[in-house]
S.K.: 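Input: one structure, supplied below.
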Amino acid sequence: MIVVHFRGTEQEYGSQVREMHWVCLAYCLLCGGADSLIGHGYYLRKPKGRIDGQEVERVWIKRWFCKLCHGTISVLPDFLLSFRHYVVPVIQAVIEARCGCGKTWVALEAECAEAGAPARRTMQRWCGSFAEQASRWLGAVQATLAQQDSRSAWLDPHGEALQAEHLAQALLGASEHLLAWGKTRWAEAAKYGRNDRVRFMWWWSSGRGLGRLI
């Protein structure tokens, strides 16, 4: 699986994924074979939630097949996560409210109702999964900042990182610094705002072998 940046409506994504002018894989991410990938059709996902106020009903996911290792690679738009039915903006709103701001479940349910968030048990699974992955992901984000942006305020041993109450909150804080660095490197990152930091981190992780985020 790889994650690609996309900004636009569901309809625009549908037309572009069919043409595939916006993504081209030169080598297999599984075995490294060059020019070994051929188109392997599409599969349909029916996510829940809204993006920019519009309900998302169905998304076609492009697949590639490697002639050398016989593996299959799926191309996910950055508004979809693996293993989750809801779109990233909905999930991120829950993660930031609970893990970042420490809001109660009652308050969170009231806030997210208009965004189409699901039942409390589903939101609890999201937050629990994010917390489980936080240590591994935080290590990767910190390593990147240390290598690429050594002056980042997040790396100050007496600074912001110490204020985090738990790893999930720390990862959200570090992701904001990762986004600030990313904006200096990739043109695509300019379109991500602070409220897109989880979505950006998911896109940034593509090809890094970090696996599940939430």
Side-chain angles (χ1 to χ4, degrees), residues 1-14 16-17 22-23 45-62 74-101 108 111-112 114-118 122-123 125-127 129-134 136-138 140-142 144-145 154 167-214:
M1 181 205 66
I2 64 169
V3 182
V4 293
H5 171 78
F6 182 78
R7 279 293 186 186
T9 66
E10 173 196 346
Q11 291 75 20
E12 290 170 337
Y13 173 81
Q16 291 185 37
V17 75
W22 51 283
V23 59
R45 282 189 57 174
K46 298 181 179 180
K48 298 179 181 180
R50 303 184 184 100
I51 298 177
D52 297 330
Q54 296 185 355
E55 197 74 26
V56 180
E57 297 181 354
R58 62 179 186 174
V59 177
W60 290 99
I61 305 299
K62 175 65 178 178
S74 298
V75 182
L76 282 182
D78 61 357
F79 56 81
L80 292 181
L81 290 167
S82 301
F83 314 112
R84 298 299 178 192
H85 293 298
Y86 280 77
V87 293
V88 173
V90 174
I91 297 175
Q92 177 173 310
V94 173
I95 295 296
E96 292 194 341
R98 179 65 180 179
C99 301
C101 302
L108 198 154
E111 282 189 15
C112 296
E114 293 185 1
T122 299
M123 294 190 288
R125 284 196 294 269
W126 293 348
C127 293
S129 180
F130 186 72
E132 289 176 5
Q133 312 303 329
R136 180 168 50 85
W137 277 72
L138 181 60
V141 171
Q142 288 178 322
T144 295
L145 290 175
W154 182 259
L167 289 175
Q169 189 179 65
L171 178 57
L172 285 174
S175 69
E176 189 170 352
H177 292 269
L178 181 74
L179 174 57
W181 163 73
K183 285 178 175 292
T184 69
R185 179 168 182 178
W186 297 293
E188 300 97 319
K191 298 182 180 180
Y192 291 98
R194 183 179 183 278
N195 291 334
D196 300 312
R197 51 187 169 159
V198 172
R199 184 171 174 174
F200 169 77
M201 187 164 56
W202 178 235
W203 173 73
W204 163 82
S205 73
S206 183
R208 298 176 183 270
L210 288 173
R212 190 168 189 160
L213 173 60
I214 297 171

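Only heavy atoms go into these numbers, but all of them, side chains included; no hydrogens, no water, no symmetry mates.
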S.K.: Search all heavy atoms of Trp154 against all heavy atoms of Gly173 and return the closest pair with its distance.
M.R.: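 Closest approach of Trp154 to Gly173, heavy atoms only: CZ3-C, 3.8 Å.
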S.K.: Run the side-chain contact (heavy atoms from CB on, under 4.5 Å) check on Asp78 and Val88 step by step: do they pass?
M.R.: CA-CA 8 Å; Asp78 61 357; Val88 173; over 6 Å; no
S.K.: If I compare all heavy atoms of Gln169 with all of Cys99, which pair ends up nearest, and what's the gap?
M.R.: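 For Gln169 versus Cys99, the nearest heavy atoms are CB-O, 3.5 Å.
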S.K.: Which atom names give the shortest non-hydrogen contact between Val3 and Ser206, and what distance separates them?
M.R.: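 Residues Val3 and Ser206, closest heavy atoms: N-OG, 2.9 Å.
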S.K.: Mark yes or no for whether Lys183, through its side chain, and Ala190, through its backbone, hold a donor-acceptor pair below 3.5 Å.
M.R.: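 Judged by distance alone, yes, a pair lies under 3.5 Å.
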S.K.: I would like to know whether Val94 and Tyr86 meet side-chain contact (heavy atoms from CB on, under 4.5 Å); could you show each step before the answer?
M.R.: CA-CA 11 Å; Val94 173; Tyr86 280 77; over 6 Å; no
S.K.: Walk me through whether Val87 and Leu80 qualify under side-chain contact (heavy atoms from CB on, under 4.5 Å).
M.R.: CA-CA 5 Å; Val87 293; Leu80 292 181; 4.2 Å; yes
S.K.: Please name the pair of heavy atoms, one in Leu179 and one in Gly193, separated by the smallest distance, quoted to 0.1 Å.
M.R.: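 Closest approach of Leu179 to Gly193: CD2-O, 3.3 Å.
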S.K.: Which residues satisfy the ring-ring contact (aromatic ring centres under 6.0 Å, His included) test with Phe200, sequence neighbours excluded?
M.R.: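 Testing Phe200 for ring-ring contact (aromatic ring centres under 6.0 Å, His included), a comparison that skips the adjacent residues, returns Tyr192, Trp203.
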S.K.: State which residues pass side chain to side chain contact (heavy atoms under 4.5 Å, CB included) with Glu132; sequence neighbours excluded, sorted by chain then number.
M.R.: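 Glu132 satisfies side chain to side chain contact (heavy atoms under 4.5 Å, CB included) with no other residue.
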S.K.: Hey, does the side chain of Arg185 reach the backbone of Trp181 with a donor-acceptor pair shorter than 3.5 angstrom?
M.R.: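 Looks like no, no N/O pair under 3.5 Å.
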S.K.: Say you draw a straight line from CZ of Arg208 to CH2 of Trp137; how long is it, rounded to the nearest 0.5 Å?
M.R.: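 Arg208 CZ to Trp137 CH2: 9.5 Å, rounded to 0.5 Å.
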S.K.: Begin with the C-alpha distance, continue with both residues' side-chain angles, and end with the deciding distance and a verdict on side-chain contact (heavy atoms from CB on, under 4.5 Å) for Leu171 and Phe130.
M.R.: CA-CA 9 Å; Leu171 178 57; Phe130 186 72; 3.5 Å; yes
S.K.: Going by heavy atoms in the side chains, are Ser175 and Trp202 under 4.5 Å from each other?
M.R.: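 Of all side-chain heavy-atom pairs linking Trp202 with Ser175, none is under 4.5 Å.
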S.K.: Is any side-chain heavy atom of Val90 less than 4.5 Å from a side-chain heavy atom of Lys48?
M.R.: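 No - every pair of side-chain heavy atoms lies 4.5 Å or more apart.
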S.K.: Report the distance from atom CD1 of Ile91 to atom CE of Met123, rounding to the nearest 0.5 Å.
M.R.: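 Answer rounded to 0.5 Å: 11.5 Å.
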S.K.: Side-chain contact test, heavy atoms from C-beta onward, threshold under 4.5 Å: evaluate it for Val198 versus Leu213 and give yes or no.
M.R.: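 Val198 vs Leu213: side chains touch.
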S.K.: Taking only residues two or more places apart in sequence, or in another chain, which ones meet Glu176 in a salt bridge (Lys or Arg N to Asp or Glu O under 4.0 Å)?
M.R.: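 Here the qualifying residues are Arg194, Arg197.
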S.K.: Going from OG on Ser74 to CZ on Arg45, what distance comes out if it is rounded to the nearest 0.5 angstrom?
M.R.: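 Between atom OG of Ser74 and atom CZ of Arg45 there are 9.5 Å.
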S.K.: Within a strict 4.5 Å, meaning less than it, do heavy atoms of the Val141 and Trp204 side chains meet?
M.R.: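 Yes; the side chains approach each other to less than 4.5 Å.
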S.K.: Would you mind reporting whether Pro118 and His85 have side-chain heavy atoms less than 4.5 Å apart?
M.R.: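 Of all side-chain heavy-atom pairs linking Pro118 with His85, none is under 4.5 Å.
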S.K.: Are the side chain of Arg84 and the backbone N or O of Ile214 linked by a donor-acceptor pair below 3.5 Å?
M.R.: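 Yes, the answer is positive, given that a donor and an acceptor are paired below the 3.5 Å cut-off.
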S.K.: So, for Ala168 and Ala131, which heavy atoms are closest and what is the spacing to 0.1 Å?
M.R.: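 Nearest heavy atoms, Ala168 then Ala131: CB-CA, 4.2 Å.
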S.K.: Would you name the heavy atoms of Arg212 and Ser129 that are closest together and state the gap between them?
M.R.: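 Smallest heavy-atom distance, with atoms named: NE-OG, 3.9 Å.
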